[in-house]
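Worksheet for the structure shown next.
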Amino acid sequence: MEKFSVQLFDISKDFEETDSKQMFTAVNNITLDINQGEFFTMLGPSGCGKTTTLRLIAGFEVPTSGRILIQGKDSTGIPPYKRPVHTVFQNYALFPHMTVAQNVAYGLKVKRVPKTEQETRVAEALAMVHLSRLGNRMPAQLSGGEQQRVALARALVNNPEVLLLDEPLGALDLKLRKEMQWELKQLQQKLGITFIYVTHDQEEALTMSDRIAVLSEGNLIQVGTPDEIYNYPNSRFVAAFIGETNFLDVNLDKTEGFKAWCQIGGQTICAEHPDDLPLFPGKAIFAIRPEKIRLFAQNSQVKGEIAISAKITNRTFIGTDIRYVVILNDGQKLTTLTRLNGDAENVHFEIGDKIQVSFLEKDAFILTE
Amino acid sequence: MKLTSVFHLAVVFTLLALMLSACGGAADGEFVILEWAGYESEAYWEPYAEQYPDQPPSYSFFGDDAEAFAKAQSGFEFSVIHPCSSWWQLYVENGLVQPIDTSRLSNFDNLYPDLVALGNFNGQQYFLPWDWGYESMLVRSDLVPEMPTAWADLWDPQYAGHVSIFDSSEVAYVVAALTLDIDPYNASDADSEAIKQKLLELKPNLLNYWVDYTELSQMLAQGDIWIGANAWSDSYAILLDEGVEVEYLQPEEGRLGWVCGFGISANTTGASLDKAYAYLDAVLDTQSMANFGNEYYYGVASEEATKLLDPYIIELMDLEDPVAALNNTFFYQTISEDQRVVIEQIWTEVKAGQ
Amino acid sequence: MKQLKWLGPFYYSLLALFLYLPILFLILFSFNDSVVLTFPLKGFTIRWYQQLLQTPELLAAFRNTLWVAVTSSFFATLLGAMAAIAISRYTFWGKRLFSSVATFPIVIPYLVLGVALLLFFNAIGIPLNLWTVGIGHVVINLPYAMLIIGARLAGFSANLEEASMDLGETYWGTLRRVTIPIIMPSLIAAFLSSFSTSFDEFALTFFLTGTKTTLPIYLYSQLRFPQRLPLAITVAAVVIVISSLLLILSEWLRHWGEKAYKA
Amino acid sequence: MEKKRRVITLLSIPSIWLLLFFVLPFTIMLLFSIRETTFSPIFPPTLSHYIEFLTTPVYLRLLLSSAWIAFVTAVITILLAYPLAYYLIFHGGKHRLALLSFLILPAWTSYLLRVLAWKVILGSNGIINTFLLSLGLIDEGMPIFLYSQSAVIITLVYVWIPYAALPIFSTLERIDIKLIEASQDLGASPLRTFLRVTLPLSTPGLVSAFFFVFIPSLGEWVTPSLVGGADGIMYGNLVQTQFLRGLNWPMGTVMSTVLLLIVSVFTMLFNRHVTMKEMSALA
């Protein structure tokens, strides 16, 4: 068995823009290995090239350059109907002129699977997505969630090696989406096939994926587990796109490999580059996530930690947390999140209060872009 | 990849080739008669129908001689054509018709020799006369304030807006020439210019140009026009039948007279040629000609057939002796191609002018 | 405003009267016992209708018209569908040029088109016949067919076709199993629209017809012959009935098509 | 590649068709315009027919007057068709399309015969005359509105009204009713709303309706020969005459080419302003 389910080598895709006739690069030199049986997510804002990458894997588009291997086989010029991958489309793409059962049976029919086998497999597939009773309905008569399940069943009934999902939950309401996220994950684990999932919803990506690839403007920015992506974003883009991050412009006074020292609010702080890249003196970005910052009253003792004096300028109550915006004495602003857990340390501050800001050096990091 | 494209190209060309071959095939075997609209009734060619019971001729129709000649000249494939005598020479000169072997026609000897002579060119018979008649003014006697008496009265302002003339360059030209006392067949450039001016002067009096005799009859019956110029006798017949008060004028300058007849296309050979002779003999049959004359109030080209015409019609239309009758009319004569171009240009400018 | 409520229906009725008046007259005169169409009417007769069935040339012209209309509509729909699929689903070099050339016949006066085709057929030596008429009709109907079918293709996502190929069907199999069934209402609409155009086309046909004529040309030639006028009118009356049925059918199909795939 | 092959296959037949039966015929037509006479060879080419066309005032005059007839026809047609489309869209209910189709239905019967029927209706003995006579408004039967330029215009308007209503109908249909509500909500009177919102938004439909009436009317020859009378002759009649009567194909071709040029210019203007969507409504 191949180790990798899908491999992309230096894939690029250019489109000609219809109006200006200019070439526009949708996917720029992406190299990726997707493991067997992995729930792999491509995450990024719209227009980042994630859907194009998916369509390249499905075979709907042909890459301008580069190679695609599916199950170890070069599939670069192979048409979609000869690939062992199936797609669940964003708008489901159910055939409007066929019943649910006919839709699900489509792939089997094309492959001339015997009639009786078709029936059993369709029934199984519909049962798997809890739609056994709706086989005779037309797609137009189904709700969005039901259509979603039919699309899933239609792809899965053919036992694909890889299932491609293009924002499959995008059209569903929040509650249904949460439910389907869980179901999809269960299904993937049960079937053990590779899922390549495209979404712009970072939360969805973080909760479902084994690994995430973050894309921006056709470039692959970072690949890693949800934990790596969240805790060690390699760029300002990733840090900003996934979760919330404070960015402060700083000047690196001294560097030592991937370690650097800079001034925040009049204090010298030492932080590292998350990807262990070497740093050099000069301008850089200091980043820290709001929930990593703790606030203390002006006169309390902050032991062993950094303590920077600041002033509260804004305060918002958001249920589980309170969000404060503080201003440091050098004029830079930070957003903080304080969990309301009845902790004794939990002190309520008002706007205008002078306070101290504290965090662990290991929670902060230095980015160069 | 290439195979599919080649395959599709092959399909396209096969289709086209099939279409083209189908066309050629259809045109080859057909027996086509280029004829005046309304002359296709089987009553005029019954003997042919007896000889070829399952192969009736196909017809293509024209509204006037200019159209017929244009069609023939532009390569339209016909077997038999039925133009009028002033055009016959053009067909012969342009090699559009072939000499007729009159010995193959049993009814040939019945035809009036004087009319037959019109179809004889360079000692060979190219056309066979069949029908003849008049062109005159057809007048709603109940509507006109005063009966017109001459072609020149078409210009009389008291009929303004109630005159229609045939939309034919030749006809209009001849009528204008008549009133100006110009010989239309020997007109100088100055004469032509005078004729053009005369025709332009007619415009205020005209309601329209009639293009077919249905339109003419319809307008007269309705009273839209009082005078239909260059009307044929069949319009007269129809209106009399319908009880409309019309008179077929005997203008001072004389009626215009015409003879029309059949010729065989130069390209007709083999089975089609046999059919052409069978058809010609059928239309020349005494009864066929009489049937036609009685329907249309036209004169016919054989004495025997004239005897079978309704005496009322003979009396009404003065159809007893064609030679005498035609001698009393202004008879349409052959016009050369160059002359026709001039006449056509004049007519175009008159119609387009103000 | 309220007192003006009657204005719309009134205006509509007025236009309807304006448009239908000649038709009513034609039907009226088809029962009139006279060869000229004037008032007062002469008397009631159905002999024109009886003559209708005894005029073989007329029936032949009717057959020819049907043949031309069916054949040319078939090809116009077929070619229109191919062009529409290519235009709406693919980008290719010269796409703009192709679509403007393909839609250009819409705005060309039939007179000019007829002349150009006549010269063309003469130049390459094809004698005029029903095929040449049919070719002319395909040329004028192709852009309409393309637009009708294109509108339908634009109405559903290309994802459906991709889904089919994704599930293992080839491109041509996808056309057969997915695309054509979905655009079927528009194919029928394109066919019917071409059919109706072809059925009463005169200006272009006039130039391209040979000895075998279509109904409009036959009627025109008959109009030159006063005794045949009532017959021509009777044909028109019959055609009115047939084309009404066709229109109702096409309307029904369109509604049916719209309803079926509202999703 | 796969896609390329599909495009080639899909386009091959339509392209060959258009080349063979559309582009080529027009090319041949252009070649005829430089021949001396109908059956003379192309070489040596001559521009004499173009010169003759440009130096014969009646041709240009007739072209202008035909353009005028077509223009007036288009304007009147739109003025009559717009209220119809407006009424159907905003007050026609769900049967509006059926109501519009009902008006198109007469167009399916022989045009020649419908015109003939008009001639009976408007003729000296027709119902209108009889009516006017009985009222004593006129004292003799006159063929009103027949055999004149106005007759041509009336007949053309009669033919085009339902077709002109279609593109207007389809643009009006696409106007978001909320825009009209918003305008009225902002205090605009119904008239002002119409002038400032509805009318501008329906311009594409108006423009396409205009050209769809104007262009075919410009090349008309059947209608003027039926009802035009002595004064109502149009440019198209001249072209038709050159081919079918005068057998002067080179001249006819020159005249057709001029017409084609004018139409092309208009089409280019038209393409700039209107999308194909309005056109599809025509079918």
Side-chain angles (χ1 to χ4, degrees), chain A residues 15-19 21 51 54-55 57-61 78-98 102-113 137-144 147 150-151 153-160 162-164 166, chain C residues 81 84-100 149-189 253-263:
Chain A
F15 288 108
E16 189 178 289
E17 273 185 271
T18 31
D19 304 326
K21 292 234 163 199
T51 296
L54 198 74
R55 291 170 60 81
I57 299 171
F60 301 136
E61 310 285 354
I78 306 287
Y81 47 85
K82 289 186 185 153
R83 296 184 183 216
V85 300
H86 290 310
T87 310
V88 176
F89 291 87
Q90 185 172 12
N91 58 6
Y92 319 134
L94 298 180
F95 304 126
H97 57 299
M98 298 180 190
Q102 284 169 334
N103 261 284
V104 176
Y106 190 87
L108 303 174
K109 213 171 181 175
V110 168
K111 289 195 201 92
R112 301 186 199 283
V113 170
R137 295 261 189 98
M138 295 306 276
Q141 298 168 298
L142 302 182
S143 71
Q147 291 187 22
V150 177
R154 187 176 68 177
L156 289 174
V157 77
N158 303 297
N159 301 327
V162 183
L163 189 67
L164 309 175
D166 185 6
Chain C
I85 291 172
I87 287 177
S88 62
R89 290 293 188 254
Y90 298 99
T91 50
F92 51 89
W93 184 85
K95 180 170 168 171
R96 249 170 214 234
L97 179 74
F98 177 80
S99 45
S100 48
I149 298 166
R152 175 93 202 136
L153 280 165
F156 78 93
S157 165
N159 275 352
L160 286 179
E161 286 147 355
E162 287 173 357
S164 163
M165 282 187 274
D166 188 68
L167 292 166
E169 183 58 283
T170 61
Y171 180 69
W172 306 108
T174 297
L175 276 189
R176 185 171 58 85
R177 270 189 218 250
V178 176
T179 316
I180 291 173
I182 293 176
I183 61 171
M184 189 48 86
S186 73
L187 292 178
I188 295 172
L253 275 171
R254 190 156 71 161
H255 282 286
W256 169 73
E258 274 171 11
K259 266 190 204 134
Y261 308 130
K262 261 282 154 60

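Just so it is clear: chains get the letters A, B, ... in the order the sequence lines come, proteins before strands, and each one is counted from 1.
Chain C forms the most heavy-atom pairs under 4.5 Å with one residue out of A:P160, A:A58, A:P80, and that residue is A:P80. Among A:N91, A:L164, A:D166, A:N158, the residue making the largest number of heavy-atom pairs under 4.5 Å with chain C is A:N91. Note: A:H86 leads A:H86, A:K109, A:R55, A:K82 in heavy-atom pairs under 4.5 Å with chain C.
Using a 4.5 Å cut-off on side-chain heavy atoms (C-beta onward), A:H97 and C:V178 make contact. Contact of the A:F89 side chain with the C:L160 side chain is not registered, since no non-hydrogen atoms from C-beta on lie closer than 4.5 Å.
A:L94 touches chain C through its backbone: at least one of N, CA, C or O sits under 4.5 Å from a heavy atom, while the side chain does not. For A:R154, the parts lying near chain C are the backbone and the side chain together; criterion is any non-hydrogen pair under 4.5 Å. Using a 4.5 Å cut-off between heavy atoms, C:T170 contacts chain A through both its backbone and its side chain.
Here the straight-line distance linking atom CG of C:L167 with atom NZ of A:K111 works out to 7.5 Å at 0.5 Å rounding. Atoms CD and OH, on C:E162 and A:Y81 in that order, are 13.5 Å from each other to the nearest 0.5 Å.
Residue pairs meeting the salt bridge (charged side-chain N to carboxylate O under 4.0 Å, His left out) criterion with at least one member in residues 87-97 of chain A, sequence neighbours excluded, do not occur.
With sequence neighbours excluded, the residues that form a side chain to side chain contact (heavy atoms under 4.5 Å, CB included) with A:V110 are A:Y106, C:E169, C:R177.
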